[in-house]
Amino acid sequence: MSTLEDDAVKLAVAVADRLAHPDAPGLPASKPWWTQSLAHGAPGIALLHIELAARGAAPWDHAHAWLCSATWAKVTGGPDSHLYYGAPAIAHAVACAADHQAGSYRRALDALDRQITADTLARVEAANARIDTGSQPALAEFDTIRGLAGLGSYLLRRDPDGQAVRAVLTYLVRLTEPLALDGETLPGWWAACGPSGLAESRMPGGHANNGMAHGIGGPLALLALAVLHGVTVNGHHEAIGRILAWLDQWRTRNGWPYFVTRPQLNAGQIKATSPRRPSWCYGTAGLARTQQLAALALGDTARRHAAEDALVHAVTDRAHLATATDASLCHGHAGFAHIAIRAAADAAPCMAVRLRAAALHLLEVIHPPGTDPAKAADRLLASAGPALLEGATGIALATASAASVTGPVTGWDTCLLIT
């Protein structure tokens, strides 16, 4: 183990030690969302303990305690559940553990999988009915966090040959088909709302969201990953091509905009803007990795090189990095480093070297060499809290994974649709 990897694992272990038990002081365990939120609650923290236990760096009993904490209450299913809340969120954590604990958790996973499959098929049916009416989608219909792209990512891992995965992919193909509205032709994922999911005065006529968390980045990633897993449906490659053509159209010298508004669509351009944060959730880092996956799925070497070049620029350019205000997995240095390492594994050799170098530099920014891991863990928990997407758990997971030669061993990051 290299010195950098050793330091990163020590930081992750120090964070995990402070979150060793679900009843640790200071945790919002009384909040109703706590046991079911992957982004903010117990299932996300369980992922850290599971990853460390699978690496042999921590005991399995801590991981088991957190999984028990996440499953002790009634698990939410139906339309109120999604990859980051309820049955799919808990199932993602349980599946990561089950893969490394032979014979464990199978009964619980089977029950969760039945629930998730039924819920997904019901949501696909509703989404197809919406398309049939010619009306616009809500972001939560299709996105990674709340929508069918996120549910599809779980099912692709658990049941790649199943009916539900194919139903999601077939729906996503339809989602990419043009939408005729008020005499205009819009992309099929054009939402009447703003990025918040609500109508916003700053976006009259709605918008097309390009993000990985709440936009078309998630569906593109799932379509690409499915091809790479050998799962395709009618129109699959054409759907990938339509999304890529959209992203090509709206790329600026500083990467991809977070969204496109109706006035921008009518003008056919976006005025030059200063660099924006190249996050996983929104921005160039997540979208570049997704387009790299799409290029691999299509066998498009030129596009793959272009995506890798965009990612290298995003995670090394000072102006872009200056927009980051924290170390989080969602939109900070840990996320940049983790995406860079995942992309490096699939990149051309020269780009892989640059991406790994960028990731290692970012890791040193997060956890400078010689820093006491215990003090660093205390600082992260005090400043960012314990959460996966925006807190110390995600930073610890991404740091340990990015510093490792092999990357994650549990697949915890499949919930990000970057692998």
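Predicted, not measured: the structure shown is a model, and the values here were computed from it. Counting begins at 1 with the first residue of the sequence.
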Is it true that atom NE2 of H313 has more than 12 heavy atoms of other residues, nucleotides or ligands lying nearer than 6.0 Å? yes
For the pair R157 and D99, find out whether any cationic side-chain nitrogen is under 4.0 Å from an anionic carboxylate oxygen. yes
Reported OH-to-CD1 distance for the pair Y84 and I145, which is rounded to 0.5 angstrom: 4.5 Å
Nearest heavy-atom pair of N254 and T284: which atoms, and what distance? O-OG1, 3.8 Å
Should the ring pair H82 and Y85 be called parallel, tilted or perpendicular, given that the plane angle runs from 0 to 90° and is split at 30 and 60? tilted
So, the side chain of Q36 versus the backbone of T76: is there a donor-acceptor pair under 3.5 Å, distance only? yes
CZ on R242 to CG on L247, rounded to 0.5 Å: 13.5 Å
Donor on one side chain, acceptor on other, H64 and Y105, under 3.5 Å: yes
Check whether any side-chain heavy atom of E200 sits under 4.5 Å from a side-chain heavy atom of P195, and report yes or no. yes
Minimal non-hydrogen separation, S69 against A42, with atom names: OG-CB, 4.3 Å
Looking only at the side chains, is there a donor atom on one of N209 and H214 sitting less than 3.5 Å from an acceptor on the other? no
Decide yes or no on side-chain contact (heavy atoms from CB on, under 4.5 Å) for R289 and D346, but give the supporting numbers first. CA-CA 10 Å; R289 169 57 173 166; D346 298 314; 2.9 Å; yes
Under the 3.5 angstrom rule, does the side chain of T414 hit a backbone N or O of G411 as a donor-acceptor pair? yes
Testing the 3.5 Å rule here: is there a donor-acceptor pair between the side chains of Y282 and N210? no
Could you tell me whether the side chain of D143 and the main chain of R146 form a donor-acceptor pair under 3.5 Å? yes
Ignoring hydrogens and geometry beyond distance, is a side-chain donor-acceptor pair present between Y171 and E141 at under 3.5 Å? yes
Test log, rule side-chain contact (heavy atoms from CB on, under 4.5 Å), inputs L321 and F336: CA-CA 9 Å; L321 293 177; F336 305 165; 3.8 Å; yes
On a heavy-atom basis, which atom in H320 and which in A314 lie closest, and how many Å separate them? CB-O, 3.6 Å
How long is the gap from CG on L287 to CH2 on W280, to the nearest 0.5 Å? 11.0 Å
Looking only at heavy atoms, the pair that brings G150 and S153 closest together is O-OG, 2.7 Å
Verify the neighbour count for atom CZ of R55: are there more than 12 heavy atoms of other residues, nucleotides or ligands below 6.0 Å? yes
Rounded to the nearest 0.5 Å, how far does CG of L175 lie from CD1 of I131? 6.0 Å
Between CG of D248 and CD1 of I243, what distance do you get to the nearest 0.5 Å? 12.0 Å
Is the gap between the ring centers of H100 and W412 under 6.0 Å? no
M203 versus F259: any side-chain heavy-atom pair under 4.5 Å? yes
Taking the six-membered ring of Y258 (Phe, Tyr or Trp), confirm whether the NZ or CZ of R276 is under 6.0 Å from its centre and within 45° of its axis. yes
Flag if over 12 foreign heavy atoms under 6.0 Å of CD, E125: no
So, for H331 and C281, which heavy atoms are closest and what is the spacing to 0.1 Å? CB-SG, 3.9 Å
Measure the shortest side-chain to side-chain distance between Q291 and L220 over non-hydrogen atoms and say whether it is less than 4.5 angstrom. yes
Under a 3.5 Å distance rule, please check whether H49 uses its side chain to pair with a backbone N or O of L19 as donor and acceptor. yes
Given 3.5 Å as the limit, does a donor-acceptor pair link the side chain of R304 with the main chain of Q292, or not? no
Looking only at side-chain N and O atoms, does T323 offer a donor or acceptor that is under 3.5 Å from a partner on R277? no
Please examine the side chains of V233 and L172, heavy atoms only from C-beta on, and report whether any two atoms are closer than 4.5 Å. no
Could you give the distance from CG (L47) to OG1 (T393), rounded to the nearest 0.5 Å? 8.5 Å
Flag side-chain contact, heavy atom, 4.5 Å: L198 against C193: no
Counting heavy atoms not belonging to D159, are there more than 12 under 6.0 Å from its CG? yes
For H237 and V227, what are the C-alpha separation, side-chain angles and deciding distance, and is it a side-chain contact (heavy atoms from CB on, under 4.5 Å)? CA-CA 9 Å; H237 288 76; V227 173; 4.2 Å; yes
Check for a donor-acceptor pair, side chain of W190 on one end and backbone N or O of G205 on the other, with a separation under 3.5 Å. yes
Carefully, step by step, assess K10 and D6 under the rule salt bridge (charged side-chain N to carboxylate O under 4.0 Å, His left out). CA-CA 6 Å; K10 286 179 179 177; D6 184 55; 3.2 Å; yes
Can you tell me if H229 uses its side chain to pair, donor with acceptor, with the backbone of L225 under 3.5 Å? yes
Measure the shortest side-chain to side-chain distance between I90 and V94 over non-hydrogen atoms and say whether it is less than 4.5 angstrom. yes
Where A54 and T410 come nearest, the two heavy atoms and their spacing: CB-CG2, 3.6 Å
Does any N or O in the side chain of T144 come within less than 3.5 Å of the main-chain N or O of M212, such that one atom is a donor and the other an acceptor? yes
Distance-only, no hydrogens or angles: does the W250 side chain make a donor-acceptor pair with backbone N or O of V260 under 3.5 Å? no
Looking only at side-chain N and O atoms, does E390 offer a donor or acceptor that is under 3.5 Å from a partner on S328? no
If we only count heavy atoms from C-beta on, is the L151 to P88 side-chain gap below 4.5 Å? yes
Between T120 and L155, is any pair of side-chain heavy atoms under 4.5 Å apart? yes
Side chains of R166 and Q163: is there a donor and an acceptor less than 3.5 Å apart? no
Checking L397 against H338 for the side-chain contact (heavy atoms from CB on, under 4.5 Å) test, could you report, in this order, the C-alpha distance in whole Å, the side-chain angles of both residues, the deciding distance, and whether it holds? CA-CA 9 Å; L397 274 167; H338 188 63; over 6 Å; no
Hey, which of T232, N234, V231 is the one that makes side-chain contact (heavy atoms from CB on, under 4.5 Å) with L169? V231
Hey, is the main chain of V173 close enough, under 3.5 Å, to the side chain of T176 for a donor-acceptor pair? yes
Between H367 and D7, do the side chains contain a donor N or O and an acceptor N or O under 3.5 Å apart? no
